[in-house]
Amino acid sequence: MIRTTSAASAFSRTDQRGKLSSFFIHPSKSKHITEYPTEININDAVSSFYQMLQMQPSPPISSLNKLIGAVAKTRNYQDVIFMYHRVIEVDLLPDYITLNILLNCYCSTKNVALGFAVMGGIFKRGYSPNIVTFTSLIKGLCMEDKTDDAIVLFNKIIGMGFHPSMWTWGTLIKGLCRSGKAEVALRLHKEAGKGNGRSDLRFKPNLICYATLIHGICKEGLVDKGKQLFLEMKGRGIMPDLVAYSGLIHGLCEGGEWEEAKRFFIEMVDQGIRPNVILFNILIHTLCKEGKTNEASGLFNLMIQRGEEPNLFTYNILINGFCLQNRIDDARELFVLMEDRGHKRDVVSYNVLINGYCKSQRLEEAMRLFKEMVRKEYKPTLITFNTLLTGLFQVGNVEDARALFQQMKIHRVTPDSSSYNILMDGFCKNNCLEEAMELFHTLEGSGFDLGIETYNCILDGLCRAGKLDIASVLFENLSQKGLVPTVVTYTIMIHGLCKDGKMEEANNLFLKMEKEGCAPNVVTFNTLMQGFYNYNEAPKMVELIQKMAERNILPDASTVSLVIDLLSKDMNYSKYMSLIPKFSNQG
DNA sequence: CTAGGGTTAG
C-alpha cells in the first residue's frame with residue numbers, strides 16, 4: 001500500500017503554527033531497507049594481504065592492489081604506506097595503480113611533496129601518470145592551501161592533452177572551497193561552463209560538483225548565490241539528493257532564512273528523500289541558536305518517532321540549547337537520558353552542561369560535574385577549565401578559581417591566552433588588582449605573547465580601581481608594544497575618564513578614536529552619553545544621539561534607558577526621540 | 001586508484 005499523501009499537503013492540513021515538527025505525521029515506514037554499509041574490515045584485508053604475500057608463486061599485483069585499496073578507503077593511510085613497503089620488500093613490482101594509491105595517501109595527509117615524489121617513481125618505473133594521479137595531486141596541493149599551484153597544475157594537464165574527469169573538477173572545487181575560495185570555484189564553474197570555444201572541455205557539472213559548490217558558497221555567506229546554483233542545477237535536470245539539499249538548507253539556516261530553509265526541507269521530503277541524522281542536527285542546532293528550544297526538542301522527539309536515531313552530536317546540540325535558555329534542569333535530564341539510551345557521552349557533553357551550570361551561577365553543581373568527569377576518566381579540556389574559571393570568578397569565588405587554575409597542570413592542560421585573560425579579568429573584578437598586575441607582569445616578563453585583549457582587562461581593572469593615571473600611561477604605550485587599541489580599549493578608557501569626571505578628555509578621546517579609524521559602537525556611545533548625563537551636559541548627549549542616527553548605529557536597551565532619563569529631566573528633548581530608530585519605528 | 005553535508009566556551 002502506497003501512501004500518496006504528499007508531505008506538503010500533510011503540512012498545510014495539520015500545521016497551525018508553521019512548526020516544522022507538525023510535518024512528520026507518519027512514523028517512518030521503511031526503516032529496515034538493506035542498509036548494510038559495505039563495511040570493510042581492515043583486519044581481514046590486512047591479514048589476507050599478508051597471506052597473499054607469502055604465496056608461491058607470487059600473486060598478481062592487481063590482487064594486492066584490491067586489498068591495499070580497500071584499506072585506503074578506510075583512510076588508514078599509515079597502514080597503506082606500511083603495506084606498500086611490504087610489497088617492495090618481497091621484491092614484487094608495484095604497478096601504476098599501486099603507486100596511485102600510495103600517492104593519494106600522501107596527498108590526503110597533507111604531504112603533497114611526497115606525492116610528487118611518488119609521481120617521480122611512476123616515471124622511473126616506466127609508467128605514466130593518468131588523470132587519477134593528477135586529481136590526487138590537485139587535492140594534495142589544495143590540502144596545503146596551495147590552490148594557485150593546484151589551478152596551474154589543472155591547466156597544465158589540460159595543455160598536455162589530459163581530460164579532467166568529473167572527479168578532477170569535484171576535487172578542485174572542493175579544494176578551493178576548503179581554502180575559503182568558493183568564489184574562485186564559482187568563477188571557474190561559470191567560465192568552464194561556457195567552454196571557451198572548446199566543446200570537448202566544456203564543464204558539465206554533475207550532482208556532486210554542484211553540491212560541493214553550493215555548500216562552499218553558502219559557507220561564505222553567499223546564500224543567494226547558493227540558492228541560484230541549486231535552481232540552476234535543477235534547471236539542468238539534475239535532481240538534488242539529500243546531501244545537496246542539506247548543504248543548501250544549512251546555508252539558509254546560517255543566513256537566518258529559516259522560512260526558506262523550511263520550504264526546501266518540505267520540498268525535499270515531498271521528493272521522497274528522508275532526512276537523516278545530519279540534516280536533523282543542522283535543523284535542531286539552528287532552532288536552538290534561535291532560542292526555539294521547544295521546537296528543537298519537538299524535532300528531536302519526532303526524529304526518534306521516525307526511527308532516525310539521534311547521535312552524540314544531536315544530544316550535545318540539544319543539551320547546549322537548553323543551557324542557552326537557562327533550562328538547566330531540562331539539559332540535565334537529557335544528559336542523563338542519553339546514557340540510558342545507550343549513547344556514551346563525550347567531553348563536549350560535559351563541557352556543555354558545565355557551562356550551563358556556570359551560566360546559572362550554580363557553581364557547586366558545575367564543580368561536581370567536573371569531578372565526576374575526572375572520575376569517569378573523561379579528559380577535561382582547555383574549554384572545561386576556561387568555562388569553570390569564568391564561572392567561579394563570576395560568582396566571586398576567587399579561591400576556588402586559583403585552586404582550579406593550579407589543577408590545570410595536573411591534568412596536563414596548558415593555559416592559553418584566554419585562560420590568562422579570564423584570570424586577570426577575574427582578579428580585577430574581584431578586588432584583586434594586585435594579583436592581576438602580578439600575573440600581568442610575570443607574563444610580560446616571560447615573553448608571553450600578550451594581545452590587546454589582555455591589555456583591555458588590565459586597563460579596565462586599573463580604571464575601576466581608580467588608577468586612571470597608571471592606565472593612561474599603559475594606554476599611551478600600547479603602540480610602542482606593537483598593539484593597536486580596539487573599540488573595546490577606547491571604550492574602557494573613555495569609561496575611566498568619565499568616571500573621573502574628565503569629560504573633556506573623554507570627548508577628545510572619542511574624537512581621536514574616530515580619527516584613528518576606529519569606529520565607536522553602541523557601547524562607546526552609551527558610555528560617553530552616560531558620562532554626559534552624570535555631569536548634566538544634556539546638549540552633548542543630544543549631539544551624540546544625532547551622531548548615532550547619522551551612522552545607523554542601532555540603540556540598545558541602555559541607550560533607550562538613557563534617553564528616558566534625559567526626557568525625565570526635560571521634555572524639550574522629546575523631538576530627538578525620532579532620531580532613534582527603535583523609537584520612531586514603534587510609532 | 002580519485003570528489004559532496006553535522007556539535008561544544010569566552
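This is a predicted model, so every value here is computed, not measured.
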For the side chain of A:L207, counting heavy atoms from C-beta on, which of B:dT7, B:dG4, B:dA9 is nearest? B:dG4
Taking the six-membered ring for Trp, are the ring centroids of A:F230 and A:F264 within less than 6.0 Å of each other? yes
Respond yes when some side-chain nitrogen or oxygen of A:K174 is under 4.0 Å from OP1 or OP2 of B:dT2, and no when none is. no
Considering only B:dT2, B:dT7, B:dG10, which nucleotide approaches the side chain of A:H285 most closely? B:dT7
Please confirm whether any donor atom in the side chain of A:D241 sits under 3.5 Å from an acceptor in the base of B:dG4, or the reverse. yes
Of the nucleotides B:dG6, B:dA3, B:dC1, which has the atom closest to the A:T171 side chain? B:dA3
Counting only side-chain N and O atoms of A:K73, is one of them less than 4.0 Å from OP1 or OP2 of B:dT2? yes
Can you find a side-chain donor-acceptor pair between A:S165 and A:T168 that sits under 3.5 Å? yes
Distance in angstrom units between A:I138 CD1 and B:dC1 P, rounded: 19 Å
For a quick check of understanding: with a heavy-atom distance under 4.0 Å over all strands, which category does A:I383 fall into, base, sugar-phosphate or nothing? base
Sugar-phosphate only, base, or nothing, as touched by A:T387 at under 4.0 Å among non-hydrogen atoms: sugar-phosphate
Do A:T390 and B:dG10 share a donor-acceptor pair, side chain to base, under 3.5 Å? no
A:F300-A:F280 aromatic ring centre distance below 6.0 Å: no
So A:I208, base contact, sugar-phosphate only, or nothing? Heavy-atom distance under 4.0 Å. base
Take the protein atom CD1 of A:I131 and the nucleotide atom P of B:dA3, then report the distance between them rounded to whole Å. 13 Å
Applying a 4.0 Å non-hydrogen cut-off, can you work out what A:L382 is touching in the nucleic acid: base, sugar-phosphate, or nothing? nothing
According to the 5.5 Å centroid and 30° plane-angle thresholds, does A:F313 stack upon the nucleobase of B:dT7? no
So what does A:N276 hit on the nucleic acid, given a heavy-atom distance under 4.0 Å: a base, only sugar-phosphate, or nothing? base
Among the candidates B:dT7, B:dT2, B:dG4, find the nucleotide nearest to the side-chain atoms of A:T135. B:dT2
Within 45° of the six-membered ring axis of A:F335 and under 6.0 Å from that ring's centre, is NZ or CZ of A:R345 located there? yes
OH of A:Y210 versus C1' of B:dG5: gap in Å, rounded? 18 Å
Which part of the nucleic acid does A:N206 contact within heavy-atom distance under 4.0 Å: base, sugar-phosphate only, or nothing? base
Assert yes or no for the condition that the ring centre distance of A:Y77 to A:Y106 is strictly below 6.0 Å. no
Less than 3.5 Å between a donor and an acceptor, one on the side chain of A:N355 and one on the base of B:dG10, is that the case here? no
Below the 4.0 Å mark, does B:dA9 have OP1 or OP2 next to a side-chain nitrogen or oxygen of A:K359? no
Just call it for A:A72: base, sugar-phosphate, or nothing, with non-hydrogen atoms closer than 4.0 Å on any strand. nothing
Figure out the CG/P separation between A:L312 and B:dT7, and round it to whole Å. 13 Å
Donor-acceptor pair (no angle test) under 3.5 Å: A:T212 side chain, B:dG4 base: no
Just compare B:dA3, B:dG6, B:dC1 and give me whichever is closest to any side-chain atom of A:H215. B:dG6
Selected nucleotide, minimal atom distance to A:N130 side chain, candidates B:dA3, B:dG4, B:dC1: B:dC1
Side-chain ion pair, A:D149 and A:K146, N-O less than 4.0 Å: no
